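What follows is a set of notes on a single structure, which appears directly below.
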Amino acid sequence: MSASAVKNATALPGRRGLRRSRLARPSEFVAESLLLFAALSAVAITLGIVFILVRESAAFFTHVPIVDFLTDIQWTPLFESPRYGILPLLAGTLTVSLVALAFAVPVGTITAVYLSEFASPRLRETVKPVLELLSGVPTVVFGYFALLFVTPLLQKLVPGLPGFNMLGPGIVIGIMIVPYISSLSEDAMRAVPMHLREASFAMGASRLQTAVRVVLPAATSGVVASYILAVSRAVGETMVVAIAAGQQPNLTFDPTEAAATITAFIVQVAMGDLPHGSIGYQSIFAAGLTLFLLTLSFNVLGWFVRRRYREAY
Amino acid sequence: MVRHFHIDNPTMKNDSSTAGVHIPSARAIESVGAGGFRSDLLRSTSKSSAIKAEVRGLDFHYGGFRALKDVSMQVQANEVTALIGPSGCGKSTFLRCFNRMHDLYPGSRYDGEIRLYPDDVNLLAPDIDPVETRIRIGMVFQKPNPFPKSIFENVAYGLRITGEKRRQVIHEKVEKALRDAALWDEVKDRLHQPATSLSGGQQQRLCIARTLATEPEIVLFDEPTSALDPIATASIEELIIELKERVTILIVTHNMQQAGRVSRYTAFMYLGELVEFGETSRIFTRPAKRETENYITGRFG
């Protein structure tokens with residue numbers, strides 16, 4: 001076939017050539033570019049936040065040795081002779097989060113198992129949205145709920161419990177994050193294929209045995225992912241602890257004591273009138289960076305756990 | 001219309017029968033052996049004659065749909081009974097009545113009886129515990145469905161849920177079940193690897209081992225080889241033929257050659273009805289009903 005015949009073939013009247021062209025479908029190109037831009041902007045904002053955190057923290061660490069920051073047992077950046085040990089804030093954060101998880105993990109998991117394996121479809125469709133509504137309640141409401149309702153209740157059970165403590169807000173944060181665990185875990189359990197349940201029932205397993213021995217293990221990756229999300233949520237929670245845990249940095253893991261968390265400190269200082277560029281101001285960023293690294297490590301941990309426990313079904 | 005199918009089929013009066021069960025002579029079987037049936041297999045098992053289960057006027061409804069219509073037949077102990085028929089004819093639905101699988105889903109209703117012997121109880125009665133029933137009547141599914149656990153834990157599952165705690169007993173029974181399922185030699189060095197690392201045929205034999213571990217009396221096979229290649233299929237069929245020495249087997253199959261190869265009795269179902277039931281050799285050579293003939297000769301289905 002001659003070259004001119006080929007050329008003629010591609011240039012049939014009324015037809016476009018076969019060659020690729022960006023401009024062949026302009027709307028496609030525009031839409032794709034917009035989507036890419038939207039996706040990149042989220043990444044850019046995240047990177048920007050990290051950049052600011054690191055830059056301001058770097059300035060902070062030129063004044064405060066990083067060893068002091070990590071080992072000093074006092075956090076008093078606003079005092080005459082300031083001390084910058086993050087440990088008290090870290091202890092407060094972890095204690096409150098542990099209390100929250102101790103409440104939310106069992107309650108959330110049991111709720112998920114019930115909704116996925118036992119509840120009738122109608123009940124499930126009613127309860128699930130109501131539970132998810134919990135996460136729509138403003139956290140400031142939860143804060144006053146902890147301070148004015150849960151703590152007085154706890155004071156009747158735990159004599160000598162101070163008005164500000166970590167137990168009350170911990171439990172309330174636990175209530176707050178139950179929907180994260182129950183909803184995501186339930187999704188993971190319902191995604192377990194029916195044929196695995198049938199295999200279990202056909203062996204003579206009861207509903208509970210099937211739920212605990214087959215469905216829950218098969219859904220592990222999703223369930224653990226929900227725990228990790230809940231941890232991140234608990235660690236990052238601000239309002240409840242700022243209101244109900246007291247604002248005194250206190251190096252203790254005793255939930256009945258008052259303490260401040262990283263977030264509570266940040267909100268407390270950020271609302272004060274610290275001069276821009278002072279060490280006290282910069283300490284917010286150092287605390288924020290710590291918090292960021294904490295949640296990041298939970299997320300990475302979650303990623304590894306998910307990979308490790310991904311049960312192929 | 002009530003159809004009752006009994007083994008002493010009046011169309012085959014060439015032999016005496018014990019306990020109302022027709023036992024063909026070796027010669028009668030030999031004569032159909034050329035049609036692709038395992039005549040040696042049929043002959044070797046003509047010793048048993050007990051009835052393991054009897055279905056009487058079974059109707060099954062779900063969601064207002066009558067999926068089974070007045071099904072009656074007998075299941076011979078230590079024999080393989082095949083259920084054949086076109087898709088949607090109700091053969092799997094029928095099979096799943098035996099271990100009350102339909103109880104798992106709302107909106108289903110059984111009428112009629114499945115009497116289990118020697119207990120002489122109606123499996124479908126409301127006072128029968130489906131969980132207990134399923135321990136005694138095992139099931140192997142169409143698609144191999146091992147749990148996402150180790151090979152060992154898959155087989156141990158039935159023992160663990162029935163409360164067996166003694167490690168020694170569990171180990172012995174797991175090994176025995178794997179041997180019975182002709183899988184032991186292939187997996188004995190990797191019992192603690194995930195079951196999903198096995199091939200499809202091995203997974204299906206693992207599912208059979210899992211079912212056998214609790215020593216059921218009846219094993220229901222729901223198209224056990226439809227997801228497998230011909231070689232894996234052959235090994236499963238061989239296994240089924242061996243297993244009938246110890247258990248009663250009901251097998252749903254789409255594959256008529258398979259029914260011919262493994263079963264002693266065949267039930268042909270169509271549109272929720274049991275059209276014809278009898279010895280496999282007769283059903284395949286001299287079907288009494290036009291629908292059966294059309295189906296087995298490949299005119300539909």
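To find a chain, count down the sequence lines: A is the first, B the second, and so on, and within it residues start at 1. Worth saying up front: this structure is predicted, and the values here are computed from it rather than measured.
- The distance from the OH atom of B/Tyr105 to the CD atom of A/Glu198 is 3.5 Å, given to the nearest 0.5 Å.
- A/Ser120 does not touch chain B: none of its heavy atoms, backbone or side chain, sits under 4.5 Å away.
- The backbone N or O of A/Pro217 sits nowhere less than 3.5 Å from a side-chain atom of B/Lys149 that would complete a donor-acceptor pair.
- Considering every non-hydrogen atom in both B/Tyr157 and A/Thr210, the closest pair reads OH-CA, 4.1 Å.
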### Evaluation steps, side chain to side chain contact (heavy atoms under 4.5 Å, CB included), between B/Arg160 and A/Arg213
CA-CA 10 Å; B/Arg160 294 203 193 282; A/Arg213 288 169 183 263; 3.5 Å; yes
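- Of all heavy-atom pairs between B/Ile135 and A/Met203, the closest is CG1-O, 3.9 Å.
- Nearest heavy-atom pair, A/Ala202 versus B/Asn99, reported as atom, atom and distance to 0.1 Å: CB-ND2, 4.2 Å.
- Around the CD atom of A/Glu32, the shell of radius 6.0 Å holds no more than 12 heavy atoms that belong to other residues, nucleotides or ligands.
- No part of B/Leu220 comes within reach of chain A, as not one of its non-hydrogen atoms sits under 4.5 angstrom from that chain.
- Pairing each heavy atom of B/Arg210 with each of A/Ala199, the nearest pair is NH2-CB, 3.4 Å.
- For NZ of A/Lys128, the number of neighbouring non-hydrogen atoms (other residues, nucleotides, ligands) closer than 6.0 Å is greater than 12.
- Annotation: A/Phe149, atom CZ; neighbour count of heavy atoms from other residues, nucleotides and ligands within 6.0 Å does not exceed 12.
- Heavy atoms of other residues, nucleotides or ligands lying less than 6.0 angstrom from OH of B/Tyr62 number 12 at most.
- Distance check: A/Phe201 CZ to B/Met101 CE gives 8.0 Å after rounding to the nearest 0.5 Å.
- The backbone N or O of A/Leu196 sits nowhere less than 3.5 Å from a side-chain atom of B/Asn145 that would complete a donor-acceptor pair.
- With chain A as the partner, the residue from B/Thr214, B/Asp103, B/Val140, B/Val131 showing the most heavy-atom pairs under 4.5 Å is B/Val131.
- Only the side chain of A/Arg207 comes within contact range of chain B, judged by heavy atoms closer than 4.5 Å.
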